[in-house]
A.B. asks: 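Before I ask anything, let me first share the structure, which is written out below as structure tokens.
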2 protein chains.
Amino acid sequence: MDVIKFSSRQQKIMELVKKGAPITSEQLADKIGVTRAALRPDLAILTMTGILDAKPKVGYIYSNKPSYSLLYDYIRNINAEDIMSKPVVVDENTTVYDAIVNLFLNDVGTLFVENNGILTGAVSRKDFLKIAIGGTDMKNVPVGIIMTRMPNIVFLERKDTAYTAAQKIMEHEVDCLPVIEKSMEDSKEILKIVGKVSKTNITRLFVKMGENN
Amino acid sequence: MDVIKFSSRQQKIMELVKKGAPITSEQLADKIGVTRAALRPDLAILTMTGILDAKPKVGYIYSNKPSYSLLYDYIRNINAEDIMSKPVVVDENTTVYDAIVNLFLNDVGTLFVENNGILTGAVSRKDFLKIAIGGTDMKNVPVGIIMTRMPNIVFLERKDTAYTAAQKIMEHEVDCLPVIEKSMEDSKEILKIVGKVSKTNITRLFVKMGENN
């Protein structure tokens with residue numbers, strides 16, 4: 001997609017609106033010396049791209065904001081599965097010390113915890129730091145004791161949007177959410193972790209959105 | 001800004017392109033029963049909003065991607081100072097233990113360190129965790145000993161864009177960057193911290209961009 005190039009008439013309209021807002025389409029047509037109908041496509045483009053704002057019964061004003069609907073659509077058309085990364089998972093019986101080593105080796109901020117392949121909890125760098133300064137015997141206490149346990153973990157499914165992911169991260173004040181798949185086993189619903197979306201994934205997506213191509 | 005509503009003719013064009021891409025404007029005009037000139041504004045809007053892609057000498061194809069130029073402009077028109085939050089700052093002589101307490105009390109991921117009001121370093125939750133499991137005497141070692149020291153800290157200035165912030169965060173693999181102001185004192189350049197931009201600020205901005213208004 002190329003950068004939008006506005007025609008000289010569109011630029012003229014932008015100038016006129018900047019100087020004389022609010023200004024009606026009749027007034028614009030007058031000043032430019034064309035019919036209202038001839039201006040319609042230009043005004044549509046300037047309004048849709050968010051350069052101008054059309055106030056009913058008032059006229060056009062200069063807003064120069066991008067079209068939020070486009071941002072909105074873009075952000076809501078990307079799914080968790082498109083931006084997720086591989087989660088680091090440990091067993092509930094792993095000691096806190098080994099779990100921290102694991103955290104450093106994988107350079108992640110959150111570990112997810114499983115029991116027999118089923119997601120049962122999560123532990124963040126913050127949780128570990130709290131334990132580390134609290135004098136707990138880290139080499140003997142299993143991570144299952146200190147983790148945040150299901151059902152207190154907010155999660156995502158593959159088709160949740162990037163927007164939902166970011167919104168849940170902010171609302172629940174966490175760094176990272178697991179992406180899970182639900183299935184039934186012995187008529188009980190179980191959750192398996194298939195990925196994670198963190199503030200890092202959102203920041204990476206943001207950089208991608210801002211790249212000039 | 002309202003969500004874009006496409007006219008029935010625009011929707012018809014989208015349908016035709018979806019089915020028969022690549023398709024030229026002549027073919028579209030034929031099928032719709034209007035002149036090429038009459039279609040021009042609709043095609044311009046559909047191309048500018050990224051719904052269609054125009055391939056020279058081939059025709060229109062369906063792309064349904066938002067206009068990257070708009071995303072690009074939007075992200076590059078927001079400055080660090082628009083999204084930064086208040087940094088938590090401690091003195092170099094603060095003990096590691098007190099610094100960690102400070103980290104928890106303020107619920108932040110990174111502390112910035114000053115000496116006589118001048119930014120001299122930064123310590124992250126990860127740095128603290130490393131120290132905490134390493135057996136260091138946290139109540140006696142000052143934070144100035146374990147911090148990452150200037151000039152090894154990447155920073156932002158107020159007018160740097162949100163894009164630059166996110167891009168530097170990803171490139172240097174940090175959670176948070178200080179926003180600084182430069183000034184001269186005794187013909188020496190000094191840096192004062194005036195804010196911080198973290199992955200949390202980027203994620204918050206992302207949520208704001210995705211909000212439907």
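Just so you know, these numbers use all the heavy atoms, side chains as well, and skip hydrogens, waters and symmetry mates.
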A.B. asks: Does any heavy atom of chain B fall under 4.5 Å from the side chain of A/D42, the backbone, both, or neither of them?
C.D. replies: neither

A.B. asks: Quick one: of B/T164, B/D107, B/L103, B/V101, who has the most non-hydrogen atom pairs under 4.5 Å with chain A?
C.D. replies: B/D107

A.B. asks: Please evaluate residues B/V207 and A/E171 with respect to the criterion side-chain contact (heavy atoms from CB on, under 4.5 Å), reporting the C-alpha separation (whole Å), side-chain torsions for both, the decisive distance (0.1 Å), and the verdict.
C.D. replies: CA-CA 10 Å; B/V207 171; A/E171 182 184 338; over 6 Å; no

A.B. asks: I need the A/K168 NZ to B/T203 OG1 distance, nearest 0.5 Å.
C.D. replies: 15.5 Å

A.B. asks: Quick check on B/A162 against chain A: is it the side chain, the backbone, both or neither that has a heavy atom closer than 4.5 Å?
C.D. replies: both

A.B. asks: Could you give the distance from CD1 (B/I133) to CD1 (A/I131), rounded to the nearest 0.5 Å?
C.D. replies: 13.5 Å

A.B. asks: Using heavy-atom distances under 4.5 Å, tell me whether B/F104 contacts chain A through its side chain, its backbone, both, or neither.
C.D. replies: side chain

A.B. asks: Can you tell me which portion of B/D175 sits under 4.5 Å from chain A's heavy atoms? Options are side chain, backbone, both or neither.
C.D. replies: side chain

A.B. asks: Can you tell me which portion of B/T200 sits under 4.5 Å from chain A's heavy atoms? Options are side chain, backbone, both or neither.
C.D. replies: both

A.B. asks: With a 4.5 Å cut-off on heavy-atom pairs, point out which of B/Y97, B/F128, B/F206 contacts chain A the most.
C.D. replies: B/F206

A.B. asks: Tell me whether A/K31 at atom NZ has more than 12 heavy atoms from other residues, nucleotides or ligands lying less than 6.0 Å away.
C.D. replies: no

A.B. asks: Calculate, to the nearest 0.5 Å, the distance between atoms CG and NZ belonging to B/N201 and A/K199 respectively.
C.D. replies: 9.0 Å

A.B. asks: Identify which part of B/L129 has an atom lying under 4.5 Å from any heavy atom of chain A, answering side chain, backbone, both or neither.
C.D. replies: both

